[in-house]
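Heads up: the structure comes next, in structure tokens.
Small disclaimer: the values here were computed from a predicted structure and weren't measured. Values below: all heavy atoms of this structure, side chains included; hydrogens, waters and symmetry mates excluded.
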Amino acid sequence: MSTILIIDDDDQLRASFEKLLKEEGYRVETAPSGETGLKRIEALPPDLVILDMRLPGINGLETFKRINALDPKLPVIIMTAFGTTETAIEATKMGAFDYILKPFDIPEMLDVIRKALDAARFMHSPVEMNAAPDNTSREGLVGRSKPMQDIYKAIGRVSPTNATVLIRGESGTGKELVARAIYQHSLRADKPFLVINCVAIPENLLESELFGYEKGAFTGANHRRVGKIEQANRGTVFLDEIGDMPSSIQAKILRLLQEKSIERLGGRDTIPVDVRIIAATNRDLEGALSEGRFREDLYYRLKVVTIALPPLRERDGDIPLLSEYFLARAAADFAMDNPGISKEAISTLSDYSWPGNVREIKNTLQKALIFNRGAPVGPEEIAQAISNADLNTAKGLEFSEKAIYRWVQEALTTKGTENLFESCMDRFAAILVGEALNLTGGNRSRAAKLLGLSRPTLHAKIDKYGLKFETSVSNPSSKT
Ligand SMILES: Nc1ncnc2c1ncn2[C@@H]1O[C@H](COP(=O)(O)OP(=O)(O)OP(=O)(O)O)[C@@H](O)[C@H]1O
Ligand SMILES: [Mg+2]
């Protein structure tokens, strides 16, 4: 459970904020001033700080500076009223994660909180290399095959340099995990690590997200915004799915790599920045080059230091190890006993081609554990889990994402829906919660774990959506 510290002198706001965040399943601590807040940080420490700008005693900006000096990796979200946006912007320039304007839009605020906690998790949870399969308490890169040994060596070689690194490999091969391992073993491990997913952010927003903008740069740019690259100054930026980056932005990234500076949108100043770039892609960059979708100059600049992750089917001997590891992790995650796995099941796993790579084997073991009817996990449960796993392969994901896009577009063009956002989110959440209950045979604790929700939050959602689940269903997998 993540701990959030709220620093604000307004008692009422602190109380209502605390209530709201507790309902979301967070542990909440509060402090009425910068001084007490700093003490709480040293005593706790929290995973995230939400900091008001207008404070008695030392002001918000000064408090931020001191927090940042104490722990530059602790994400801080600034709360600000209209009149104090300038200092909030100042704080983001110095590395604050983001700022939210009073009065708050609650869903938006919860979204920023989730993102900040994700970023904190990335920075703090260490990725161990060549991890033992029974090590479930930490995240690790598991595998002892020759190709994986070479990957560990490459990570060891590139980490302590400031070199730009390009990580390549099919979907699910562990590119993100490798990026985090490089960061954690780098000289910048005590500085921020920010992730930008070039596909997840709509094209028209990606540029301002990365580079920021000046007031008046475009309609709606009511105040200056500092981009992620500037915010990560002295740290590391992970550009995930760089093969999908629009070419106008590719040009700016090239310039960043060559000249170590950026310009905000609509700005005339050249701002020097010192960031290390780690990029990843599962795309055929050479194909994109010849089709003119990827810039040649950027391609050559990026590929100097490349780490290429082999697909799982080429890592002889890693499948038994990974299977044990993910089974143990799933058991720990769902608070279940680890039933172990039979030799026959391992050989079924070894015979499969794993188009979705490590992600697919991870999901398969999770499902096999849920389907498991006796100890240890046998080949039947594996076969059932694999045939159920299409959704987890790269293709399956792409397909389901397209379906979601279609659904969203339809919703947006259907006139006359009040609260469109809320009603779409509710529909989606109802399906998600319903399926999680199906998959776990109606076990609410396991469904809550699976969804990453607290039990009370799950209960509230079940009530809200009027979900009923017959616990007598004998085969929970029949619906999925
Ligand atoms: N060698 C490994 N050992 C343990 N876990 C791994 C390993 N490789 C990948 N994983 C796990 O598999 C999942 C997928 O990995 P990751 O997200 O890094 O893949 P990716 O290459 O970035 O995929 P995509 O191209 O789809 O983004 C994650 O849950 C990750 O923790
Ligand atoms: Mg990835």
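Between the side chain of Arg144 and the main chain of Asn130, no donor-acceptor pair closer than 3.5 Å is present. In this structure a side-chain-to-backbone donor-acceptor pair under 3.5 Å is present from Asp318 to Ser145. Judged by distance alone, with hydrogens and angles left aside, the side-chain atoms of Gln366 form no donor-acceptor pair with the main-chain N or O of Arg329 at under 3.5 Å. Of the possible donor and acceptor atoms, none in the side chain of Asp98 sits under 3.5 Å from a partner among the backbone N and O of Ile77. Distance alone, capped at 3.5 Å, is enough to place a donor-acceptor pair between the Asp47 side chain and the Thr3 backbone. Checked by atom type and distance alone, the side chain of Lys175 pairs as donor or acceptor with a backbone atom of Gly169 at under 3.5 Å. With Arg301 contributing its side chain and Leu257 its backbone, the two residues share a donor-acceptor pair below 3.5 Å. In terms of modelled atom types and a separation under 3.5 Å, the side chain of Gln184 and the main chain of Ser125 share a donor-acceptor contact.
A 6.0 Å sphere centred on CG of Asp337 holds no more than 12 heavy atoms belonging to other residues, nucleotides or ligands. Atom CD of Glu203 is surrounded by 12 or fewer heavy atoms from other residues, nucleotides or ligands within 6.0 Å. The environment of Arg27 atom CZ is dense: over 12 non-hydrogen atoms of other residues, nucleotides or ligands sit within 6.0 angstrom.
Within the model, atoms CD1 of Ile431 and CG of Leu467 stand 10.5 Å from one another, a figure rounded to the nearest 0.5 Å. For the atom pair CZ (Phe334) and CG (Asn443), the distance works out to 10.5 Å, reported to the nearest 0.5 Å. Rounding to the nearest 0.5 angstrom, the gap separating the CG atom in Leu365 from the CG atom in Leu322 is 9.0 Å. In this structure, CG in Leu194 is found 10.5 Å from CG in Leu239, a value given to the nearest 0.5 Å. Here the CD1-CZ distance, from Ile182 to Phe193, works out to 8.5 Å after rounding to the nearest 0.5 Å. To the nearest 0.5 Å, the span separating CD on Glu139 from CD on Glu128 amounts to 11.5 Å.
If you check the side chains of Ser2 and Arg121, you find no donor sitting under 3.5 Å from an acceptor. The closest side-chain donor-acceptor pair between Thr173 and Asn357, if any, does not fall under 3.5 angstrom.
The shortest distance between side-chain heavy atoms of Leu141 and Ile155 falls below 4.5 Å. Looking at Ser171 and Arg359, their side chains come closer than 4.5 Å, going by heavy atoms from C-beta outward. Counting only heavy atoms from C-beta outward, the side chains of Thr164 and Val305 never approach each other to under 4.5 Å. At a threshold of 4.5 Å between non-hydrogen side-chain atoms, the residues Ile41 and Asp71 do not count as touching. Proximity of Glu314 to Pro147: side-chain heavy atoms (C-beta onward) are nowhere separated by under 4.5 Å. Side-chain contact between Thr364 and Tyr352 is absent, with no heavy-atom pair separated by less than 4.5 Å. Side-chain contact between Asn372 and Met336 is absent, with no heavy-atom pair separated by less than 4.5 Å. Within the 4.5 Å cutoff, side-chain heavy atoms of Trp354 are placed close to those of Ile386.
Thr30 pairs with exactly one of Ile50, Ile6, Ile4 by the side-chain contact (heavy atoms from CB on, under 4.5 Å) rule, that one being Ile6.
For the pair Arg313 and Glu360, the salt-bridge criterion is not met [side-chain N within less than 4.0 Å of a carboxylate O]. Taking 4.0 Å as the cut-off between side-chain N and carboxylate O, Asp118 and Arg114 do not count as a salt-bridged pair. Using a cutoff of 4.0 Å between basic side-chain nitrogens and carboxylate oxygens, Lys464 and Asp426 are scored as salt-bridged. Between Arg14 and Glu18, none of the side-chain N atoms (NZ, or NE/NH1/NH2) sits under 4.0 Å from a carboxylate O, so this pair counts as no salt bridge. Lys19 and Glu23 are joined by a salt bridge, as a carboxylate oxygen and a charged side-chain nitrogen come within less than 4.0 angstrom of each other.
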Derivation of the side-chain contact (heavy atoms from CB on, under 4.5 Å) call for Arg188 and Asn162:
CA-CA 9 Å; Arg188 296 170 179 243; Asn162 269 327; 2.8 Å; yes
Run Leu285 and Leu302 through side-chain contact (heavy atoms from CB on, under 4.5 Å) and show every step you take.
CA-CA 11 Å; Leu285 283 186; Leu302 282 176; 5.5 Å; no
Determine, stepwise, if the pair Glu170 / Leu312 fulfils side-chain contact (heavy atoms from CB on, under 4.5 Å).
CA-CA 9 Å; Glu170 289 178 14; Leu312 184 55; over 6 Å; no
Check step by step if side-chain contact (heavy atoms from CB on, under 4.5 Å) holds for Met148 and Leu321.
CA-CA 12 Å; Met148 280 312 285; Leu321 219 57; over 6 Å; no
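For Tyr325, there are no ring pair (Phe, Tyr, Trp, His ring centres under 6.0 Å) partners two or more places apart in sequence or in a different chain. Phe122 pairs by the ring pair (Phe, Tyr, Trp, His ring centres under 6.0 Å) definition with nothing, not counting sequence neighbours. Taking Thr457 as the reference, Ser454 meet the side chain to side chain donor-acceptor pair (under 3.5 Å) condition, with sequence neighbours excluded.
Closest non-hydrogen pair, Ile151 versus Ala308, comes out as CD1-O, 3.5 Å. For the pair Pro133 and Ala328, the tightest heavy-atom approach, listed with the atom from each and the gap, is O-CB, 4.2 Å. What you find for Pro75 and Ala116 is that their closest heavy atoms are CG-O, 3.6 Å. Annotation for Glu207 and Ile249: closest pair N-CD1, 3.7 Å, computed over non-hydrogen atoms. Residue Ile382 comes nearest to Ala368 through the heavy atom pair CD1-CB, 3.9 Å, listed as atom of the first residue, atom of the second, then distance. Nearest heavy-atom pair across Asn338 and Gly340 is OD1-N, 2.9 Å.
Stacking of Lys228 on the aromatic ring of Phe97 is recorded, both the 6.0 Å distance cut-off and the 45° axial limit being met.
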